[in-house]
Number of protein chains: 2
Amino acid sequence: MSAKILIVEDEPAIQELLAFNVEKAGFQASCAGSAERAWQQVRENKPDLILLDWMLPDTSGVVLAKQLRADAGTKAIPIIMLTARGEERDKVAGLESGADDYITKPFSPRELMARIRAVLRRHAPQAPDETVAAGGLELLPGAHRVSAMGREIELGPTEFRLLHFFMTHAERVYSRTQLLDQVWGTQTFVEERTVDVHIRRLRAVLEPAGMDNLIQTVRGSGYRFSVN
Amino acid sequence: MSAKILIVEDEPAIQELLAFNVEKAGFQASCAGSAERAWQQVRENKPDLILLDWMLPDTSGVVLAKQLRADAGTKAIPIIMLTARGEERDKVAGLESGADDYITKPFSPRELMARIRAVLRRHAPQAPDETVAAGGLELLPGAHRVSAMGREIELGPTEFRLLHFFMTHAERVYSRTQLLDQVWGTQTFVEERTVDVHIRRLRAVLEPAGMDNLIQTVRGSGYRFSVN
DNA sequence: TGAAGCTGTCACATGTTTGTCACAAAACCT
DNA sequence: AGGTTTTGTGACAAACATGTGACAGCTTCA
C-alpha cells in the first residue's frame with residue numbers, strides 16, 4: 001500500500017535527508033545519484049513518484065524528466081522537481097519538462113511531504129461513488145453511511161470497515177486472521193480476540209435495527225456474513 | 001464556446017509555456033511580446049481574458065492594465081497579472097491597476113488554469129449568476145452572498161469557499177486533506193486542524209440562522225454536508 | 001494611522017473509539 | 001457427565017479525534 005519513491009540526487013547529504021524524511025512518512029525510498037542509475041532504478045523498482053534534482057552529474061534533471069515523459073513505460077510516473085532557490089528559469093523549464101510540481105531548496109520536510117502527498121493524491125484513481133447493498137442493508141462508502149430499510153445506522157470507523165468488508169464478501173467464512181488483515185491492515189498487530197469484540201459491537205448495533213443473525217459464527221473457523 | 005486568451009509576456013520561454021497550457025486546457029491562445037503588440041492583438045482578436053506580465057520591454061504591465069481599463073472598448077476584459085514572487089507592492093499595485101487577479105511566479109499550470117477559469121466564470125456575462133441551492137441555503141457565487149430562507153448570512157472568504165464547496169459536493173465525506181486541496185488549494189500548506197476551526201466558524205454562523213446540523217462530523221474520516 | 005476583520009495555530013476540554021482482560025456461556029469431545 | 005476448547009459479554013483505561021476559546025500576525029478599509 002505504501003508508495004515507492006525514487007530520489008534522484010547526487011549530493012549524498014541531501015539524498016540521505018530526503019530518504020530519511022520520506023521513510024519516516026511511511027513511504028519506501030530508493031536512491032539514485034545519476035541519471036543513469038535513475039533509469040536503472042525506475043526499471044527495477046517501478047516507483048510511484050520521483051523526486052528529481054535539477055542538477056545531476058551526467059544529465060540535467062530537466063532532460064531526464066523529458067526522457068521519462070517520452071517513454072511510454074514511465075510516462076505516467078509523477079515527478080517533483082527540486083530546484084535551487086530563486087532560479088526563475090529553472091522552475092519554468094522544470095514545469096515545462098513535464099514535472100508535476102516543483103519545490104525550491106531549501107525546503108522544510110513538512111512542505112516536501114505535503115507536496116509528495118498532494119501529487120500522489122492527484123494521481124490516485126478516483127473511485128466512483130457506488131452503493132453496496134446486501135441483506136437489507138445499504139452502505140454508501142462515499143457518504144460513509146449505512147442504513148437498514150431506510151433507517152440510518154450509526155457505526156464507528158472500525159465497525160464501518162468491518163461491515164463494508166462483510167457486505168462485499170458475503171456468504172463466505174473468514175478467519176480472525178483474515179479479517180485482521182483485510183479490515184485492520186497487515187501492518188497492525190492486535191489480538192485475534194479483538195475481532196470477536198468488534199463483531200459483537202457490530203451485532204449490537206445491527207440487531208436493534210431488525211437485522212438479525214446477519215453475521216454468523218462458524219465455530220473453529222471464523223465468521224460469515226450471510227443474507228439468510 | 002472556447003474563450004480567447006491573450007498572453008502578454010516578453011520572455012519567449014514563458015510565453016510558450018503559458019500558451020501551451022492555455023491551449024491544452026481548451027482555450028484559444030494568442031501572444032504579444034510588448035505593450036504595443038498587445039494593443040494590436042486586443043483590437044484584432046477581442047480576447048476574453050488577458051494574462052499580463054508585470055514586466056514588459058516598453059511599458060510596465062500596470063500601466064498597460066490601466067490603459068486597458070481606461071478605454072471603453074477594452075474596459076470589460078478581465079486581466080490576470082503575472083507578478084514575481086512575494087513582491088507585495090506589485091500585488092497591490094497590480095490589483096489597484098484594475099487586474100482581476102494576480103498570480104505570482106513561479107506558479108503551477110494547475111493553479112494558473114484554476115485562476116483563469118475562476119476569472120472567466122466570474123466575468124461570464126452569459127451566465128446570469130447561477131445560484132447554488134442546498135439544504136435551505138442559497139448561495140450566489142458571483143455576488144459572494146449566501147442566504148438562509150431569505151435571510152442574508154455574513155461569511156468570510158474562506159468560510160464562503162468552504163460552504164460553496166460543500167453545497168456543490170453534498171452527501172459525501174471529505175477528509176481534512178481533501179478539503180485543504182479543494183478549498184485552500186494544493187499550493188498552500190496549513191495544518192489539517194485548521195479545517196476543524198473553519199468548520200466550527202461556519203457552523204457558528206449557520207446555526208443562528210436555523211441551519212442546524214448541515215455539516216456533520218464523520219469521526220475518523222472528515223466532514224459531510226448533508227441536507228438530511 | 002487606527003480600528004476592524006480574517007486566518008492559522010495553539011492549548012485545553014470533551015467525548016469516542018479501541019484493544020485487552022476476566023469471566024460467563026456455549027459447544028464439542030470422550 | 002465431566003473436562004476441554006471456543007466464543008460471548010461487560011468493564012475499563014489508554015489512545016485518539018474533535019470541539020472550543022484565545023491569540024498573534026496580517027490585511028483591509030476608512
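Reminder, nothing fancy here: chain letters follow the sequence lines and each chain counts from 1. Every value quoted in this text rests on a predicted model; they were computed, and no experiment measured them.
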Could you tell me the separation between the CG atom of A:Leu202 and the P atom of C:dT18, rounded to a whole number of Å? 12 Å
For B:Arg200 and C:dT9, what is the distance between atoms CZ and P respectively, to the nearest whole Å? 17 Å
Check the pair A:His144 / A:Phe160 against ring-ring contact (aromatic ring centres under 6.0 Å, His included), numbers first and verdict last. CA-CA 8 Å; A:His144 217 274; A:Phe160 187 87; 3.9 Å; yes
Hey, is the side chain of A:Trp184 poking within less than 4.0 Å of OP1 or OP2 on C:dG19, counting only N and O atoms? yes
Have a look at A:Val195 and say if it touches a base, only the backbone sugar-phosphate, or nothing, with a 4.0 Å heavy-atom cut-off. nothing
Give a yes or no on whether the backbone of B:Ile215 and the side-chain of B:Arg203 come within a donor-acceptor separation of less than 3.5 Å. yes
What integer distance in Å separates A:Asp196:CG from D:dT9:P? 11 Å
If each of A:Arg193 and B:Thr217 is mapped to the nucleotide of DNA chain D with the nearest heavy atom, which maps nearer the 5' terminus, i.e. the 5' end? A:Arg193
When rounded to whole Å, the CD to P distance for the pair B:Glu192 and C:dC10 reads 13 Å
Considering only side-chain heavy atoms of B:Arg203, which listed nucleotide, C:dT7, C:dC21, D:dG19, is closest? D:dG19
Side-chain donor or acceptor of A:Ser147 paired with backbone N/O of A:Gly150 under 3.5 Å: no
For atom CD of B:Glu159 and atom C1' of C:dC6, their distance in whole Å: 8 Å
Can you tell me if A:Thr158 touches the phosphate of C:dT17, counting only side-chain N or O atoms and a distance under 4.0 Å to OP1 or OP2? no
Test side chain to side chain contact (heavy atoms under 4.5 Å, CB included) applied to B:Leu206 and B:Met211, B:Glu159, B:Arg201, the passing residue: B:Met211
Here the distance between atom C1' of C:dC6 and atom CZ of B:Arg201, to the nearest Å, is 8 Å
Using a cut-off of less than 4.0 Å, is there contact between a side-chain N or O of B:Tyr223 and OP1 or OP2 of D:dA17? no
CD1 of B:Ile199 versus P of D:dT18: gap in Å, rounded? 11 Å
By nearest-heavy-atom nucleotide on DNA chain C, the more 5' of B:Gly156 and B:Arg219 is B:Gly156
Looking at A:Arg176, I'd like to know whether one of its side-chain N or O atoms comes within less than 4.0 Å of OP1 or OP2 on D:dT6. no
Whole-Å distance separating the CG atom of A:Leu179 from the P atom of D:dT7: 12 Å
Between A:His198 and A:Thr158, do the side chains contain an N or O donor and an N or O acceptor separated by less than 3.5 Å? no
